[in-house]
Number of protein chains: 2
Amino acid sequence: MKQILIIDDDEKLGRLLVQYLERYDMKAHVALTPSKGFEMIKKIKPDLLILDVMLPEKDGFEICREIRAKSSIFGQLPILMLTAHAEVTDRIVGLELGADDYLPKPFEPRELVARIHNILRRSSDDNTVREIKPVNGLDVDVSRREVKLDGSVLDLTTMEYELLILFMQFPNKTFTRDELMNRLRGIDAELFSRAVDTLVSRLRHKLKDTSKTPRFIKTVWGRGYTFVGEQL
Amino acid sequence: MKQILIIDDDEKLGRLLVQYLERYDMKAHVALTPSKGFEMIKKIKPDLLILDVMLPEKDGFEICREIRAKSSIFGQLPILMLTAHAEVTDRIVGLELGADDYLPKPFEPRELVARIHNILRRSSDDNTVREIKPVNGLDVDVSRREVKLDGSVLDLTTMEYELLILFMQFPNKTFTRDELMNRLRGIDAELFSRAVDTLVSRLRHKLKDTSKTPRFIKTVWGRGYTFVGEQL
DNA sequence: ATACGATGAAGCAAATCCTGATCATTGACG
DNA sequence: CGTCAATGATCAGGATTTGCTTCATCGTAT
């Protein structure tokens, strides 16, 4: 289970988040002050840090800077910043200091969860994704993020790549559209949207997979899509 | 079967939902008042709570808060809030108080069902995927929606697949046409229609089960159909 | 600021499926 | 064997789903 550390002096919000994140299979801890926060980082070794910019002692930017400076100790601990100001400058500053994402208050808990998933996925991608077997002329090198079709390298966008990776990890599994959306976007993307169709369409195009008898991505009418693995 | 509790004073809407959800294999109950609602929660132990924000006695937010406060009693009962205001503030408040999702009225029944599925999928580890035993060369992997006949994958439409699943869950049970229609389409199924026959015909065809001595789907003359399980 | 690529939303035409009617065939039963 | 009801098969029309184009938006690089 993922460990999340929240550094925020708003006790009530902290409790809400702990409770909320619990439902998404994440164990959250709250530190009310930065100093407590540093202690707890060492103790519980969280997978993600949620940081309020408005804090006693020192502000979130300062903490962010410190942690990044001591990166050898804390590793590449992903950081998500919360701030009351919806100002762009905050964001820029925060991101420059090494935060991985930024969320203005007030926010929707679900949005928070979505972003958490995004960050965690990003930061653990290369380690988590298992080996992907070449299939039918399509070869993916995850560590180099390189996709080869019949020998020549394809140029895929982030989304296209993520979709392909997901498909190839589970060949012959039929994904519904909302399953795909959830996997790609985090919890609860828009439910009724054709975004997936469009994405699939684009990917198919780059895979030169536009014939009626798909080489890779098969449409399962009324259900979703299937990446065709071995020939049976 | 998933139990859903709806707390809403709109009797008509309640009835419609009960009827609608039935088709999706969910048993819905309606409580017209919050106090009734609390009673019923204890009694039927629903898997999901649908909550209107506009209620007599106390509003949905209040109820949500109470339930979350008594979380030890109610566990992590997922909550879906309905509200007439499409305002973001409502949404934020609702979600912070522990609702899992939010749906503005008026909504499409199908969208509701989709969200329910999303929430249930999230909150329960076990997707209530019913195991289906391979029978006579026919093997169904429900989680991947994959059907294999003698080793090769079959391409079934939604209806065909649903029908097959239904049959295989109850091998050797004789279904009447009405029963099948009800399970597949819902209660509003036309009583006299050959739709089922046609469907069975198509499925038989794909199962290569067209001989006089059926390998899978047996016709029970004057009754309906039976999916043949083990050879006895 | 401007330009550009990536992405999502809207929407329409095309593909695909479901349904119910019709008719040929089958099975029950005297 | 003949009659009649039940069933299987086919097909067109309507309904649904999908593919893809176009356009708006967002973030990023110049």
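Lettering follows sequence order; numbering is per chain, from 1.
Residues satisfying the salt bridge (Lys or Arg N to Asp or Glu O under 4.0 Å) criterion with A/Asp155, sequence neighbours excluded, are absent altogether. A/Lys206 meets the salt bridge (Lys or Arg N to Asp or Glu O under 4.0 Å) test with A/Glu160; sequence neighbours excluded. Listed by chain and residue number, B/Ile6, B/Asp10, B/Leu13, B/Asp52, B/Leu82, B/Lys105 satisfy the side chain to side chain contact (heavy atoms under 4.5 Å, CB included) test with B/Asp8 (two or more places apart in sequence, or in another chain). Partners of A/Lys133 by side chain to side chain contact (heavy atoms under 4.5 Å, CB included), not counting sequence neighbours: none found. Partners of A/Arg223 according to the salt bridge (Lys or Arg N to Asp or Glu O under 4.0 Å) rule, which considers only residues two or more places apart in sequence or in another chain, are B/Glu162. For A/Glu146, the side chain to side chain contact (heavy atoms under 4.5 Å, CB included) test picks out A/Asp141, A/Arg144, A/Lys148, A/Val153, with sequence neighbours left out. Under the salt bridge (Lys or Arg N to Asp or Glu O under 4.0 Å) criterion, B/Lys208 pairs with no residue, sequence neighbours left out.
The cationic group of B/Arg145 lies under 6.0 Å from the six-membered ring centre of B/Tyr161 and within 45° of the ring axis, placing it in a cation-pi geometry.
Following rounding to the nearest Å, B/Asp209 (CG) and D/dA9 (P) show an atom-to-atom distance of 11 Å. Between A/Leu180 atom CG and D/dT18 atom P there is a gap of 12 Å when expressed in whole angstrom units. Taking atom NZ of residue A/Lys206 and atom C1' of nucleotide D/dC20, one finds them 16 Å apart after rounding to whole Å. For the pair B/Leu199 CG and D/dA9 C1', the computed distance is 14 Å after rounding to whole Å. The nearest whole Å value for the distance from the CE atom in B/Met159 to the P atom in D/dT16 is 12 Å. Rounded to an integer number of Å, the gap from CG of A/Leu203 to P of C/dA6 is 14 Å. Atom pair A/His205:NE2 and D/dC20:C1' shows a separation of 9 Å (rounding to whole Å applied). One can place CG of B/Asp197 at 13 Å from P of C/dA21, the figure rounded to the nearest angstrom.
Within 3.5 Å, no donor on the side chain of A/Arg202 pairs with an acceptor on the base of D/dG19, nor the reverse. Evaluation of atom-type donor-acceptor distances gives a pair under 3.5 Å for the side chain of B/Arg194 against the base of D/dG8.
When heavy atoms are screened at a 4.0 angstrom cut-off, B/Thr198 is found touching base atoms of the nucleic acid.
Across the helix from C/dA1-D/dT30 to C/dG30-D/dC1, the helix axis at one end is tilted relative to the axis at the other end by 30° (nearest 10 degrees, each axis from five pairs).
A/Thr157 has a side-chain polar atom (N or O) that falls below the 4.0 Å cut-off from OP1 or OP2 of C/dT7. Within the 4.0 Å cut-off from OP1 or OP2 of D/dA9, at least one side-chain nitrogen or oxygen of B/Ser201 is found.
Proximity of the aromatic rings of A/Phe167 and A/Phe175 is defined here by a centroid distance below 6.0 angstrom, and this criterion is met.
Scanning residues 218-227 of chain A for heavy-atom distances under 4.0 Å to DNA chain C yields A/Trp221.
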